[in-house]
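When a ligand or atom number is given, it counts from 1 through the structure's own listing order.
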Amino acid sequence: MCAADRPLPLLVVADAGARLVRRGLVAPGDAARWHGARVAVFRRGPVVCELPAARVDAPSRAPYLPRDSQPARAHPVCHPGARRFAPRMTLALYNTLTRRVEPFQPLAPPRVTLYTCGPTVWNYAHLGNFRTFLFEDLLRRYLEASGYDVFHIMNLTDVDDRTIKAARAAGTTLRRHTEPFVRAFFEDRDYLRLRPAHVHPRATESVPAMIVLVRRLLDRGVAYQGDDGSVYFAIDRFPGYGRLSRLDRREIKVGARVASDEYAKEDPRDFALWKKAGPDDDAVGAAWDAPFGRGRPGWHLECSAMSLYEIGTRFGVETLDIHAGGVDLIFPHHEDEIAQSEAATGRPFARWWLHGEFLNVRGTKMSKRFGNFLAARDLREQGVDAAAVRLLFWQTHYRKPLDFTDEALAAAGEGVKRLGDFRSRLVGEGGRERGEGRLAELAAEFEADFRAALDDDLNAPQACAALFQLAHAGNRALDAGAGGAAAAVAALDRAMAVLDVLPTPRTAEPDLARWIEAQVAARERARKSKDFKEADRIRGALLARGVELEDTPTGTKWRVV
Ligand SMILES: [Zn+2]
């Protein structure tokens, strides 16, 4: 009833306060109350759809609203007279399928099924691969921070053209060749603080699901066995083919085939679902028996089969909420995944397609060929703090190319250190007071800006700008002896659950650790006997040695920063 009556807004302003200040319409002090407010502009004037929860009962002073508009807090059409607010404007994501930023809405909230194409474990994953994985980590963490219950699937491609070729060249089996690279990937993942996927299906362990999918496609008449014995997908029999990559269907050559996993968009052809086993495949242990002949899966088939299997057996659905990967996967990989999956199920394969841009090294796309190849482990071996790599990546939007230079990495390292120092100062203050104060206000403004930035297609550069603004203004407030540090620590930690860019804590030498434990115990005794002066002195002495204390309900925790 309501939705039918509801007029469509002409414009939605996500954070009215920040925008008004930018335009010079109100002073920063006056705008503070509007931080986090969302204003929808309708034909007849703007309406405040949502005020930050803490400010709902603040006097409604809206100098910038036209006189004939309604400064109502409730939606005038949907909730007449009620003290309810229109739903919070939430996350909007750029969908490659529609080429638009769209409000995100999962199929069965709060669950979000997320499939991200994992590494091909023929070699070490390079930093360009990790840029994609990091953008997916940001997506996953922000979804979780926004209250969604994410189920993340990331496959491991341990059989395809490249893995077989590499195993053959190394004179070993596929399993023996790929295993060290699988371990290396997990080590690199942990180094870069990527949240592990809930499942990491391996292609070689998912062959039965792939055989079932090929069978379905053969039964539906969209796949056929070629005279070379391999099974191909007939792209002219799937009308949606080319929708994701905006392929000109007139270019499709009926019956032309391609057997290799990788080929160009300029040359769309029927692609291999199941490749007849050759001598190399059998030599490395990459061949399986199937009703349509002994062979091995094509790379594109693997992702369709593994994702459909996981969401089908766990949730009884055949549509993913989000499928993500690097831009280089749009064609042919993701185009082919859509064709295979939708031709088999008759349902949309994924509602959102998200793609991360390339990483350039010194202005050129990173590749072994250009000699600017960088692996995550190179950075780890050079002692680079993963927090600096993360911050460097967040400072460029995931849909823009990023140039990786030593200077940019060093600057990110400085930024990480500034944030770590700021948190240490806050923790030092927060242990003494829990009251309200300027820091609590700054924290509330920061959180509103932070959320508005990430809600806007994961605008991490803007979220980082808000973070450094908090550190800058917060340090000044600390200099002036402001209160509210505990609220600022809490806000900072919530942001860190998403960005995770605080310096990696250093491990303490055994002697230092023993000294710290003794100091912590002495401080505890001082606190128990209400000698707060002595307790503060010990905390100060520890801080001077770079040891940060945090008092928690389960006792005092320490870390070396
Ligand atoms: Zn894939």
Side-chain angles (χ1 to χ4, degrees), residues 95-97 113-123 125-126 128-137 139-140 151-164 178 181-182 185 189 194 197-207 209-210 213-214 217 233 235 241 243-245 258 260-265 268 271-275 296-312 318-345 348-358 398:
N95 191 347
T96 309
L97 205 55
T113 50
L114 167 68
Y115 186 89
T116 60
C117 291
T120 300
V121 285
W122 69 288
N123 205 326
H126 60 63
N129 302 133
F130 276 101
R131 186 185 181 201
T132 304
F133 301 147
L134 274 158
F135 125 68
E136 293 160 350
D137 188 56
L139 169 68
R140 152 125 180 239
F151 187 77
H152 181 192
I153 308 157
M154 180 192 262
N155 70 299
L156 298 172
T157 300
D158 59 357
V159 53
D160 77 328
D161 292 354
R162 281 191 295 180
T163 41
I164 290 169
T178 56
F181 295 117
V182 171
F185 169 70
R189 175 197 68 184
L194 297 166
H198 298 95
V199 279
H200 278 290
R202 295 185 188 206
T204 51
E205 291 169 3
S206 312
V207 173
M210 296 170 197
L213 185 56
V214 174
L217 293 168
F233 186 93
I235 58 176
Y241 195 80
R243 200 156 42 103
L244 181 72
S245 56
V258 53
S260 89
D261 285 334
E262 296 189 71
Y263 52 96
K265 191 184 164 192
F271 58 91
L273 299 167
W274 186 260
K275 306 184 190 197
R296 62 171 174 104
W299 170 40
H300 317 302
L301 180 85
E302 297 176 4
C303 281
S304 287
M306 286 185 275
S307 54
L308 288 175
Y309 177 81
E310 293 294 340
I311 58 173
E318 293 177 313
T319 300
L320 287 160
D321 288 305
I322 306 177
H323 194 310
V327 281
D328 52 332
L329 297 187
I330 294 175
F331 190 91
H333 188 53
H334 290 163
E335 195 69 70
D336 292 353
E337 278 190 44
I338 292 174
Q340 298 156 156
S341 310
E342 298 192 359
T345 66
F349 176 43
R351 286 154 60 83
W352 263 266
W353 285 88
L354 267 64
H355 292 98
E357 256 294 344
F358 285 128
Y398 77 89

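- No hydrogens or angles considered: a donor-acceptor pair under 3.5 Å links the side chains of Gln340 and Ser304.
- The pair Lys275-Asp161 meets the salt-bridge criterion, with a side-chain N (NZ, NE, NH1 or NH2) lying under 4.0 Å from an Asp/Glu carboxylate O.
- At least one N/O/S atom of Cys117, from backbone or side chain, sits under 2.8 Å from the Zn ion (ligand 1).
- Taking the Zn ion (ligand 1) as the apex, the angle formed with OE2 of Glu337 and NE2 of His333 is 70°, to the nearest 10 degrees.
- Under the rule for a ring-ring contact (aromatic ring centres under 6.0 Å, His included), the partners of Phe181 that lie at least two apart in sequence or sit in another chain are Tyr124, His177.
- Residues satisfying the salt bridge (Lys or Arg N to Asp or Glu O under 4.0 Å) criterion with Arg189, sequence neighbours excluded, are absent altogether.
- Residue contacts to the Zn ion (ligand 1): Cys303 brings an N, O or S atom closer than 2.8 Å.
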